[in-house]
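Report on the following structure.
Excluded from the calculations below are hydrogen atoms, water molecules and symmetry mates; all remaining heavy atoms, backbone and side chain alike, are included.
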Amino acid sequence: MKVATWNVNSIRSRQQIVADWLASSSVDVLCLQETKVVDKDFPREPFEQLGYHLYTWGQKAYNGVAIFSKTPLEAVVAGFTPIVGEERAGAFDEQKRAICGVLEGVQIVNVYVPNGSAVGSEKYDYKLRWFELFWEYLQQLLARSPGELCICGDFNIALEDRDIYAPKKENHIMASPAERQALDKVLELGLRDAFRKFTDDGGHFSWWDYRQGGFPRNRGWRIDHHYLTASLYERASSCTIDIEPRKLPKPSDHTPVIVEF
DNA sequence: ATGGCGACAGGATGTCGA
């Protein structure tokens with residue numbers, strides 16, 4: 001099974017690029033982030049024509065996640081509330097950042113982690129609190145799921161300096177100690193980075209800033225990840241970043257990452 | 001340190017992303 005993750009920065013702006021990529025890449029599952037559109041306006045036709053079943057959870061202008069799957073998913077759940085309860089989820093589901101479903105005994109979780117703006121800001125605090133809730137959500141899923149989890153998405157965190165084109169000062173957003181600790185705590189539930197099973201060196205990125213010629217100068221970050229439970233990690237046969245879509249005119253600032261297991 | 005680029009909503013320019 002091939003599972004891809006891709007922050008498309010508006011599915012309506014990226015419709016053709018995503019459809020062309022799907023037609024040639026033949027992934028079984030594509031997890032999208034930053035779709036930036038409410039469900040009723042989601043451009044479904046080009047993807048349904050390619051044989052995909054679509055599960056969307058969007059909002060106006062910001063955020064939004066979706067899963068495309070060649071085979072129907074079971075037990076699709078949008079947001080945190082159905083898993084952790086209304087009281088615990090509070091207002092977090094106002095931002096559409098999580099959707100999950102089960103395929104061939106694998107619980108697939110698609111997330112768009114908050115950006116956090118700047119260390120110390122209100123949004124940064126929200127990001128850290130969001131991670132606390134995400135941890136509880138995953139703990140619940142692990143208790144009730146088929147036992148195998150594939151969590152993928154835009155994590156907006158680079159865990160290690162080799163995931164960044166140049167090491168950052170302490171307290172840079174996406175690389176601060178508190179963010180890394182929050183992600184580490186999630187991974188301690190028993191998850192491993194699929195990409196690092198196959199590749200040790202730096203210089204491999206999934207996001208490049210639109211500004212300052214980030215992509216042509218390869219000034220990127222690896223912030224889009226697949227995290228797998230132990231036996232799924234053992235089964236994984238590849239994890240690759242496809243930088244081709246980032247080279248096209250009017251690209252997303254992220255490019256797809258694909259795991260096969 | 002700042003802003004740069006791009007999408008969005010709305011109908012100019014501010015907000016947000018990372």
Side-chain angles (χ1 to χ4, degrees), chain A residues 5-19 31-43 56-66 91-92 94-98 110-131 134 152-180 182-183 195 202-225 241 243 245-257:
Chain A
T5 181
W6 194 357
N7 178 322
V8 292
N9 185 19
S10 167
I11 188 61
R12 287 178 293 183
S13 294
R14 231 60 65 197
Q15 180 175 325
Q16 193 62 50
I17 285 178
V18 174
C31 294
L32 300 171
Q33 304 89 35
E34 279 205 272
T35 52
K36 293 187 173 180
V37 65
V38 293
D39 294 343
K40 72 175 176 60
D41 294 330
F42 196 102
T56 64
W57 199 48
Q59 67 181 86
K60 191 164 78 170
Y62 303 116
N63 310 314
V65 285
F92 278 99
E94 289 174 5
Q95 299 186 16
K96 312 308 186 203
R97 296 183 176 275
N110 175 21
V111 289
Y112 175 47
V113 174
N115 164 277
S117 186
V119 173
S121 67
E122 266 184 40
K123 286 176 182 152
Y124 181 76
D125 183 57
Y126 181 90
K127 184 177 191 174
L128 297 178
R129 288 186 288 110
W130 186 94
F131 258 100
F134 185 47
C152 60
D154 175 1
F155 283 78
N156 272 320
I157 294 177
L159 264 185
E160 302 174 296
D161 287 344
R162 62 178 165 164
D163 297 321
I164 311 173
Y165 71 90
K168 291 294 162 187
K169 295 188 191 104
E170 282 251 317
N171 285 331
H172 191 289
I173 193 66
M174 302 192 292
S176 71
E179 288 168 273
R180 287 174 167 176
L183 180 51
F195 185 79
H204 301 280
F205 309 124
S206 62
W207 171 80
W208 299 260
D209 202 309
Y210 285 125
R211 299 161 288 188
Q212 305 270 58
F215 183 68
R217 300 157 87 177
N218 200 27
R219 295 185 170 193
W221 294 57
R222 195 175 70 88
I223 53 175
D224 300 271
H225 307 295
I241 300 171
I243 66 166
R246 189 63 177 80
K247 301 174 179 173
L248 298 172
K250 305 288 281 180
S252 169
D253 44 355
H254 296 250
T255 209
V257 186

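Nucleic acid contact class of A/N7 (heavy atoms, under 4.0 Å, all strands): sugar-phosphate only. A/F215 comes within 4.0 angstrom of no nucleic acid atom, judged by non-hydrogen atoms across all strands. No contact: A/D209 has no heavy atom under 4.0 Å from any strand. Nucleic acid contact class of A/H254 (heavy atoms, under 4.0 Å, all strands): sugar-phosphate only.
Here the C1' atom of nucleotide B/dG17 and the CZ atom of A/F155 are 18 Å apart, to the nearest Å. Protein atom NE2 of A/H172 is 10 Å distant from nucleotide atom P of B/dA1, rounded to whole Å. Computed from coordinates, the A/Q59 CD to B/dG17 P distance equals 10 Å when rounded to whole Å. The CH2-C1' distance, from A/W207 to B/dC5, rounds to 11 Å in whole Å. A/R246 places its CZ atom 13 Å from the P atom of B/dC5, with the value rounded to the nearest Å. Atom CD1 in A/I157 sits about 15 Å away from atom C1' in B/dG17, given to the nearest Å. Taking atom CE on A/M174 and atom P on B/dC16, their separation rounds to 17 Å, with Å as the unit.
Nucleotides B/dA7 and B/dG11 place their C1' atoms 16 Å apart, quoted to the nearest Å. Nucleotides B/dC8 and B/dG3 place their P atoms 24 Å apart, quoted to the nearest Å. For the C1' atoms, the distance from B/dG17 to B/dG4 is 13 Å, rounded to whole Å. Between the P atoms of B/dT2 and B/dG6, the separation comes to 22 Å (whole Å).
Positionally, the nearest nucleotide of DNA chain B for A/R211 lies more toward the 5' end than for the other of A/V113 and A/R211. With DNA chain B read from its 5' end, the first of the two nearest nucleotides for A/I223 and A/Q212 is the one closest to A/Q212.
The salt bridge (Lys or Arg N to Asp or Glu O under 4.0 Å) analysis of residues 117-126 of chain A, with sequence neighbours excluded, yields the pairs A/D125-A/R129.
No option in A/V8, A/N9, A/I11 other than A/N9 meets the side chain to side chain contact (heavy atoms under 4.5 Å, CB included) test with A/K36.
Formation of a donor-acceptor pair under 3.5 Å by the A/D39 side chain with backbone atoms of A/G58 is found in this model.
Closest approach of A/A66 to A/N110, counting heavy atoms only: O-ND2, 2.9 Å. Closest non-hydrogen pair, A/S13 versus A/S10, comes out as N-OG, 3.1 Å.
Evaluation of the side-chain contact (heavy atoms from CB on, under 4.5 Å) rule for A/Y62 yields A/Q59 as partners, not counting sequence neighbours. Partners of A/P114 under the side-chain contact (heavy atoms from CB on, under 4.5 Å) rule, at least two apart in sequence or in another chain, are A/R97, A/Y126, A/K127, A/W130. Residues passing the side chain to side chain donor-acceptor pair (under 3.5 Å) test with A/E160 are A/R162, sequence neighbours excluded.
Ion pairing of A/D209 with A/R217 is absent here, as no side-chain N (NZ or NE/NH1/NH2) approaches a carboxylate O to less than 4.0 Å.
Using a 4.0 Å cutoff on non-hydrogen atoms, the parts of residues 118-126 of chain A near DNA chain B are A/K123, ordered by number.
By the 30° and 60° cut-offs, the orientation of the rings of A/F155 relative to A/H225 is tilted.
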Contacts under 3.5 Å, N or O only, protein and nucleotides 7-11 of chain B:
{"residue": "B/dA7", "atom": "OP1", "partner": "A/R14", "partner atom": "NH1", "Å": "3.3"}
{"residue": "B/dA7", "atom": "OP2", "partner": "A/K250", "partner atom": "NZ", "Å": "3.1"}
{"residue": "B/dA7", "atom": "O3'", "partner": "A/S10", "partner atom": "OG", "Å": "3.3"}
{"residue": "B/dC8", "atom": "OP1", "partner": "A/S10", "partner atom": "OG", "Å": "2.4"}
{"residue": "B/dC8", "atom": "OP2", "partner": "A/S13", "partner atom": "OG", "Å": "3.3"}

